[in-house]
There are 2 protein chains.
Amino acid sequence: MEEHENSRCENCIIRQINSFKALKKEELKQMSDHKETRKVKKGEILFKEGERLSGVYCVRSGISKLSKLSDNGKDQIVKLAGKGEVLGQRSLITSEQTNLSATALEDMDVCYIPKNHIQESLMQNPVFTNTVLKRMASELKTADHTIVNMAQKSVRQRLARGLLYLGDSFGTDEDGFLYLQLSRSNLADIVGTATELLIRTLTKLKKEGAVSISGKRIKLEDKKLLYAIAEGI
Amino acid sequence: MEEHENSRCENCIIRQINSFKALKKEELKQMSDHKETRKVKKGEILFKEGERLSGVYCVRSGISKLSKLSDNGKDQIVKLAGKGEVLGQRSLITSEQTNLSATALEDMDVCYIPKNHIQESLMQNPVFTNTVLKRMASELKTADHTIVNMAQKSVRQRLARGLLYLGDSFGTDEDGFLYLQLSRSNLADIVGTATELLIRTLTKLKKEGAVSISGKRIKLEDKKLLYAIAEGI
DNA sequence: CGACGGTTTGACCAGTCTCAAATAAAGTGG
DNA sequence: CCACTTTATTTGAGACTGGTCAAACCGTCG
């Protein structure tokens, strides 16, 4: 029985945009033979903080949030991961439990890749290891940046930055609305505040003409203004 | 003229506690021949955010803060680096400017290692690369944790955690006082708050018997209590 | 229709920031 | 070593931001 082109890692377009592009043909072949494709529905959990993973997830389509529960019971979204991102890689590298939970914000297609393939390539393919290292170093940089934002900036500033980030990372639909439609509470969990305050702050931005809102959908009307707000008027 | 044992990387004890332990004898020899030892006085800056480094610093003694300036003009300390830490590695890996500034909090002895040695080893010694990768992954985990703390916890909670961190990382002197004596404003920059509020919060902790204070020196009197406070009473 | 979950609004309180001024400590030059 | 300058710490008061609770609202789905 013939496999479809798409289902082979060697032919997967996703590979072009993540560290897997550094893998050799032989490694990809191995990987492809043992991977499992999986569909994840919006709201489903890929893994929970504290779990031990036996592999990683490569996102083919859809968007997932990576979040961590604080002692006070609130979720903080640390990162959004879309097409091409590899989930679970960090904890695999340190052989620890995951420190974040991954939840689908949209229906997703992912590939599950058993960890031994990744680990072998890490040991034997220096180019791959270097690519992963670069990626990790780059994530660390943005994490440091986020720390400063969280510690030093107001909710208003963080919201402005968050909206710009959503626009840059996931784009807009034909009408200019943010492609990714987050619930208010998810948006609050990105900004790191309570839902109520998020709503009030968003409303202010609307009154000032920085954004417009239609139901769940948000449009960035004045990016310059948002940038100015984010940097602290 | 004979070199002292200590001045050779091959014999350096520091190496045992960082990624350089994964280097081969030959690499260490090369590195040692080209390194420069340097003394840095308290308050001096090793490098500033935005600079391009042509090497990394390996800390032999003393403690440095890694901080980032926010748009509002305030410094946020992202990390403290003591004996064995390698500064500037992240930006070297991504070939970018540094995203943090490094400032000595005490007199320091550091070794400056030109970047080409590190880069060569990253390309040619997979064990070394893997060690660096593990370290970076582990830093990313703590960074994620810090993000959540900054976003979700009160100044009181963050201070409690910060004090415990100082105790764990740098220990105490014979009287039980924190070894690292930070200025109030440095402490505030770790916690991510204004100096005034930091002082008030610290005073409260003292009244509650969690810490005692003598001048600049701080003693953790009741760690259990501090833990409880950090997790959110 | 009624129940449900997510959204919005109001009111209120607690937490945090800022400015200014008083005090203490640390340097500096004679 | 002292007198003086500068820097760090502490305290107070007031304004502002952000968090919480409760209730109203709305759209969806069974």
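Below, chains carry the letters A, B, ... as their sequence lines are ordered, and counting in each starts from 1.
Taking for each of Ala151(A) and Ile213(A) the nucleotide of DNA chain C with the nearest heavy atom, the 5'-most of the two is the partner of Ile213(A). Taking the nucleotide of DNA chain C with the nearest heavy atom to each of Lys74(B) and Lys204(B), the more 5' of the two is matched to Lys204(B).
For dC19(C), its base sits under 3.5 Å from the side chain of Glu196(B) at one donor and acceptor pair at least.
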Starting from the C-alpha separation in whole Å, work towards a yes-or-no answer on side chain to side chain contact (heavy atoms under 4.5 Å, CB included) for Ile229(B) and Leu205(B).
CA-CA 10 Å; Ile229(B) 291 174; Leu205(B) 288 186; 3.6 Å; yes
Please step through side chain to side chain donor-acceptor pair (under 3.5 Å) for the pair Tyr112(B) and Ser54(B), ending with a clear verdict.
CA-CA 9 Å; Tyr112(B) 180 79; Ser54(B) 49; 2.6 Å; yes
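The NZ-P distance, from Lys153(A) to dC17(C), rounds to 15 Å in whole Å. A straight line from CG of Leu197(B) to C1' of dA20(C) spans 17 Å, rounded to a whole angstrom. One interatomic measurement links the two molecules: CZ of Arg184(B) to P of dA26(C), which rounds to 12 Å at whole-angstrom precision. The CZ-P distance, from Arg156(B) to dG15(C), rounds to 9 Å in whole Å. If you take CD of Gln181(B) and P of dA25(C), they are 14 Å apart, rounded to a whole angstrom. The distance between atom CG of Leu198(A) and atom P of dT8(C), rounded to the nearest whole Å, is 9 Å. Look at CG on Asn186(A): it is 10 Å from P on dG6(C), rounded to the nearest Å. One atom, CE of Met150(B), and another, C1' of dG15(C), lie 16 Å apart when rounded to the nearest Å.
Among the atoms of the strands shown, base atoms are found under 4.0 Å from some heavy atom of Ile199(A). As judged by a 4.0 angstrom heavy-atom cut-off over every strand, Thr195(A) is placed among residues making no nucleic acid contact. Among the atoms of the strands shown, only primed sugar atoms or phosphate atoms (P, OP1, OP2) are found under 4.0 Å from some heavy atom of Lys216(A).
At a threshold of 4.0 Å, the pair Lys39(A)-Asp109(A) counts as salt-bridged, since one of the basic side-chain nitrogens sits closer than that to a carboxylate oxygen. With respect to the salt-bridge test (charged N to carboxylate O, under 4.0 angstrom), the residues Lys79(A) and Glu85(A) qualify. No salt bridge links Glu106(A) with Lys41(A); every basic N to acidic carboxylate O contact stays at or beyond 4.0 Å. Here Glu96(B) pairs with Arg90(B) in a salt bridge; the nearest charged N to carboxylate O distance falls below 4.0 Å.
Nearest to the side-chain atoms of Arg200(A) among the listed nucleotides dT9(C), dT16(C), dC19(C) stands dT9(C).
Within the 4.5 Å cutoff, side-chain heavy atoms of Leu80(A) are placed close to those of Leu105(A). Contact of the Leu87(A) side chain with the Val110(A) side chain is not registered, since no non-hydrogen atoms from C-beta on lie closer than 4.5 Å.
Summarising the local packing, OH of Tyr165(A) is surrounded by more than 12 heavy atoms from other residues, nucleotides or ligands at distances under 6.0 Å.
Near-neighbour residues of DNA chain C inside residues 187-194 of chain B, defined by a heavy atom below 4.0 Å, number-ordered: Thr193(B), Ala194(B).
With a cutoff of under 4.0 Å to any heavy atom of chain A, the contacted region of DNA chain D is bounded 5' to 3' by dG18(D) to dC21(D).
Below 30°, between 30° and 60°, or above 60°: for Phe47(A) and Tyr57(A) the angle between ring planes is below 30°, a parallel geometry.
We find the OG1-NZ distance between Thr195(B) and Lys74(B) to be 8.0 Å, quoted to the nearest 0.5 Å. In this structure, NZ in Lys141(B) is found 10.0 Å from CG in Leu100(A), a value given to the nearest 0.5 Å.
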If pairs are Watson-Crick or G-U with both distances under 3.5 Å, what is the dot-bracket string of DNA chain D, marking crossing pairs with [ ] and pairs to another strand with |?
||||||||||||||||||||||||||||||
